[in-house]
Amino acid sequence: MNNFTRRQVLRSAAAVAAAAGTVVAAAPGAAATAASTGVFAHGVASGDPMPDSVLLWTRVTPSAEALPGSGLGPDVPVGWEVAADPGFRKVAARGTANTGAARDHTVKVVAGRLSPATTYWFRFTVGQSVSPAGRTRTAPAAGTQVDRLKFGVVSCANWQAGYFSSYRHLAARGDLDAVLHLGDYLYEYGPGEYQARDVVVRPHEPAHEMTRLSHYRRRHAQYKSDPDLQALHAAAPFIVTWDDHESANDAWKSGAENHTEGAEGAWSERFAAAHQAYAEWMPVRYEPGGRIYRRLDFGSLASLSMLDLRSYRDQQAASGIDGAVKDPARTITGAAQMDWLLGNLESTGPQWKLVGNPVMIAPVRVPSTLSTAELAAVQKLMGGTSINGVPYNVDQWDGYEADRNRVVRHLRDNAVKDTVFLTGDIHSGWACDIPADPASYPATGDSVAAELVCTSVTSDNLDDILNVPPRTGSVAVENAIKAANPHVKYLDFDSHGYSVLDVTPAGVRMDWYVLAERTSPGSESALSTSFSVQANTGKVTPAQGGLL
């Protein structure tokens, strides 16, 4: 997403932070170095569950020099097995994969011929070394009746801004069919460039912005050293997509706000490096040169379309009033992905059409009645573009109105029901209707779909920018935005945490859980609010225990 500082401000902030002594070291033992825990220092993971298969992942360190990003170390065979029991007495599938420095000693295999809707355990071996065991689960078979699905939903996990307690709490649940990670799984910045209220809680490695393949590999390795992230990867399969920080802030198909041609090389090379490292280090059915947007089905209950809103988009508009935001030739999805998405949003097939959506699709207008300080803070959070002094986020679907209109018209004209966009990016929690005509809503009452937005795991939000205690200065801003946008039913600009999505034939419900303190590795969490989308309504309403 658009961070609250632009590139030049980031550089000056780094100097100020260093001079002020605001960079602090991580808590002892919080971030293990690469190879410090042996051959399987980065844990195990699974992803993209299908009825008969699941992707398995690990990274091995077969020798002392085979550190992430080093390009060193021998090729080695890695054994893998999947079992129907945690003791591995009932082995369902096994095999061997080869890896080496060419793919940074990562391993990705598809374990096939599995049974649908079944829990499995998996592990890897190198010689006499055995990895920790992971738990995964296949999807229900096509067309079969499914009474309930439960997903963890997360986004925006900045290592420098805090600890990943959200992942620990999700891992402890034991009831998740999968975890949806909607982007910004990691951040590209160096220490002093983007952190928690200008304090580096634990510094990035390498200690500079990542621009090359070795940098991206090392940063992925650092994130995968986190014990809470390892625990969640070992507890449930992930379904992921990227947003911008997996490459660089405000990325588009031919560049990024946080990239300088010449000084940092060609964007095409940096983008390719980021995608290669992502393909190597993430449990996803994606390889460089392919496409990451994809659909997964869960019986008769739900389909899940995971979008890629960075690889094909046109450059963000310079402002919201230059005509570009309404230009029908500009796209956020690209033509092929748009056709694919609309083809998934049909009345036939699984009941719920879930869309993994990296940036918000609901329209948002910020009222000019906010104070100068409030407007400035919202502008920093939403990206730095304004119209007559009012923030306007051209990085999300608001900056590509023609594409959003295509989706809205398709849903309205074809009477497609039960579409829910699941969104990350904006470091805040939202529950929104998506009106057929925002100008006449709610007088017409027409809402074609709903959007549920999870907050950040650790990345700064409005109270951090305002430098005020949570649930103080942001509350008036939230109320003003909801008043100016009647389709926005819930907004929390302050919390860090995670969400849990519960899907049944009767409705989709999201529960927002908030952390007590993101900078504490042992932070507790608590249920904040719940909103639901009842079948055939296309509207969000407070669920039991929910708050307006």
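Fair warning: this is a prediction, and the values are worked out from it, not measured in the lab. Every heavy atom of this structure was used, including side-chain atoms; hydrogens, water molecules and symmetry mates were not.
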- Heavy-atom donor-acceptor pair, E451 side chain to A431 backbone, under 3.5 Å: no

- Evaluate the side-chain hydrogen bond (donor to acceptor under 3.5 Å, both in side chains) criterion for residues W430 and S428: first the C-alpha distance (whole Å), next the side-chain angles of each, then the deciding distance (0.1 Å), finally the verdict. CA-CA 7 Å; W430 304 65; S428 42; 2.8 Å; yes

- Begin with the C-alpha distance, continue with both residues' side-chain angles, and end with the deciding distance and a verdict on salt bridge (charged side-chain N to carboxylate O under 4.0 Å, His left out) for D308 and R313. CA-CA 9 Å; D308 174 2; R313 70 155 71 195; over 6 Å; no

- Query: Please walk me through it: do T331 and D314 pass side-chain hydrogen bond (donor to acceptor under 3.5 Å, both in side chains)?
  - Reply: CA-CA 6 Å; T331 180; D314 292 305; 5.5 Å; no

- Message: If we ignore hydrogens and angles and just use 3.5 Å, is the side chain of D48 paired with the main-chain N or O of R285 as donor and acceptor?
- Response: yes

- Task: Quick one: closest heavy-atom pair of Q316 and A251, and the distance?
- Result: NE2-O, 3.8 Å

- Task: Output yes when a side-chain donor or acceptor of T138 lies under 3.5 Å from a complementary backbone atom of D52, and no otherwise.
- Result: no

- Are the side chain of H496 and the backbone of L515 linked by a donor-acceptor contact shorter than 3.5 Å? no

- Does any N or O in the side chain of R412 come within less than 3.5 Å of the main-chain N or O of V408, such that one atom is a donor and the other an acceptor? no

- Task: Considering non-hydrogen atoms only, spot the tightest contact between G152 and L176 and give its length.
- Result: N-CD2, 3.7 Å

- Item | Parallel, tilted or perpendicular: ring planes of W281 versus W57, cut at 30 and 60 degrees | tilted

- Query: What do the steps show when you test K539 against V533 for side-chain contact (heavy atoms from CB on, under 4.5 Å), and what is the final call?
  - Reply: CA-CA 6 Å; K539 295 183 177 182; V533 185; over 6 Å; no

- Looking only at atom types and distance, does a side-chain atom of K108 sit under 3.5 Å from a main-chain N or O of L55, one as donor and one as acceptor? no

- Can any side-chain N or O of D433 pair as donor or acceptor with the backbone N or O of A450 at less than 3.5 Å? no

- Message: Please find the pair of heavy atoms, one from P350 and one from S303, that lie closest to each other, and give the distance.
- Response: CB-N, 3.6 Å

- Query: Got a second to check how far D226's CG is from H233's NE2, nearest 0.5 Å?
  - Reply: 10.0 Å

- Output yes when a side-chain donor or acceptor of E517 lies under 3.5 Å from a complementary backbone atom of T519, and no otherwise. yes

- Derivation and outcome, side-chain hydrogen bond (donor to acceptor under 3.5 Å, both in side chains), residues R518 and S523: CA-CA 7 Å; R518 62 174 164 158; S523 177; over 6 Å; no

- Using the six-membered ring of W267, assess whether NZ or CZ of K253 lies under 6.0 Å from its centre and within 45 degrees of the ring axis. no

- Query: Can we call the ring centroids of Y185 and W242 under 6.0 Å apart?
  - Reply: no

- Does some side-chain heavy atom of D502 sit less than 4.5 Å from a side-chain heavy atom of V500? no

- Taking the six-membered ring for Trp, are the ring centroids of H275 and F271 within less than 6.0 Å of each other? yes

- Using only heavy-atom distances, determine whether the side chains of S532 and Q534 contain a donor-acceptor pair under 3.5 Å. yes

- Message: Within this structure, what is the CE-CD1 distance for the pair M306 and I292, rounded to the nearest 0.5 Å?
- Response: 8.0 Å

- State, to 0.1 Å, how close G424 and C454 come at their nearest heavy-atom pair, and which atoms those are. CA-SG, 4.1 Å

- Considering non-hydrogen atoms only, spot the tightest contact between N158 and S459 and give its length. CB-OG, 3.3 Å

- Task: Step by step, work out the side-chain hydrogen bond (donor to acceptor under 3.5 Å, both in side chains) result for S474 and D494.
- Result: CA-CA 7 Å; S474 300; D494 288 353; 2.6 Å; yes

- Note on the structure: Rounding to 0.5 Å, atoms CD (E246) and CD (E188) come to a distance of 9.5 Å

- Residue pair Y490, W512: steps toward the ring pair (Phe, Tyr, Trp, His ring centres under 6.0 Å) verdict: CA-CA 11 Å; Y490 166 69; W512 282 263; 4.9 Å; yes

- Message: If you apply the rule salt bridge (charged side-chain N to carboxylate O under 4.0 Å, His left out), what do you find for D492 with R471, and how did you get there?
- Response: CA-CA 9 Å; D492 176 0; R471 314 314 301 144; 3.3 Å; yes

- Between Y189 and H245, is the gap from one ring center to the other below 6.0 Å? yes

- Query: Hey, are the side chains of W397 and L309 touching, using non-hydrogen atoms and a 4.5 Å cut-off?
  - Reply: yes

- L452 and V420: CA distance, side-chain angles, deciding distance, side-chain contact (heavy atoms from CB on, under 4.5 Å) verdict: CA-CA 7 Å; L452 304 171; V420 180; 4.0 Å; yes

- Message: I'd like to check Y498 versus Y167 (side-chain heavy atoms, cut-off strictly below 4.5 Å). Are they in contact?
- Response: no

- Message: Measuring only between side-chain heavy atoms, which start at C-beta, is D243 closer than 4.5 Å to L182?
- Response: no

- Query: Does V359 reach the side chain of I332, with side-chain heavy atoms less than 4.5 Å apart?
  - Reply: yes

- Query: Looking only at atom types and distance, does a side-chain atom of S530 sit under 3.5 Å from a main-chain N or O of A543, one as donor and one as acceptor?
  - Reply: no

- Any donor-acceptor pair under 3.5 Å linking the side chain of N249 with the backbone of D244? no

- Item | Nearest-0.5 Å distance, CG of residue D413 to CG of residue L411 | 9.5 Å

- Query: Side chains of L301 and L149: does their closest heavy-atom pair fall under 4.5 Å?
  - Reply: yes

- Item | Contact summary for F493 and V477, nearest pair of heavy atoms | CE1-CG1, 4.0 Å

- Item | Polar contact flag, side-chain donor to acceptor under 3.5 angstrom, N344-R295 | yes

- Among F164, Y163, Y187, W159, the one residue meeting side-chain contact (heavy atoms from CB on, under 4.5 Å) with T458: F164

- Task: Report, as yes or no, whether the 6.0 Å neighbourhood of atom NZ on K150 holds more than 12 heavy atoms from other residues, nucleotides or ligands.
- Result: yes

- Item | Any side-chain heavy-atom pair of F531 and R509 under 4.5 Å | no

- Query: Does any non-hydrogen side-chain atom of L307 lie less than 4.5 Å from one of W340?
  - Reply: yes

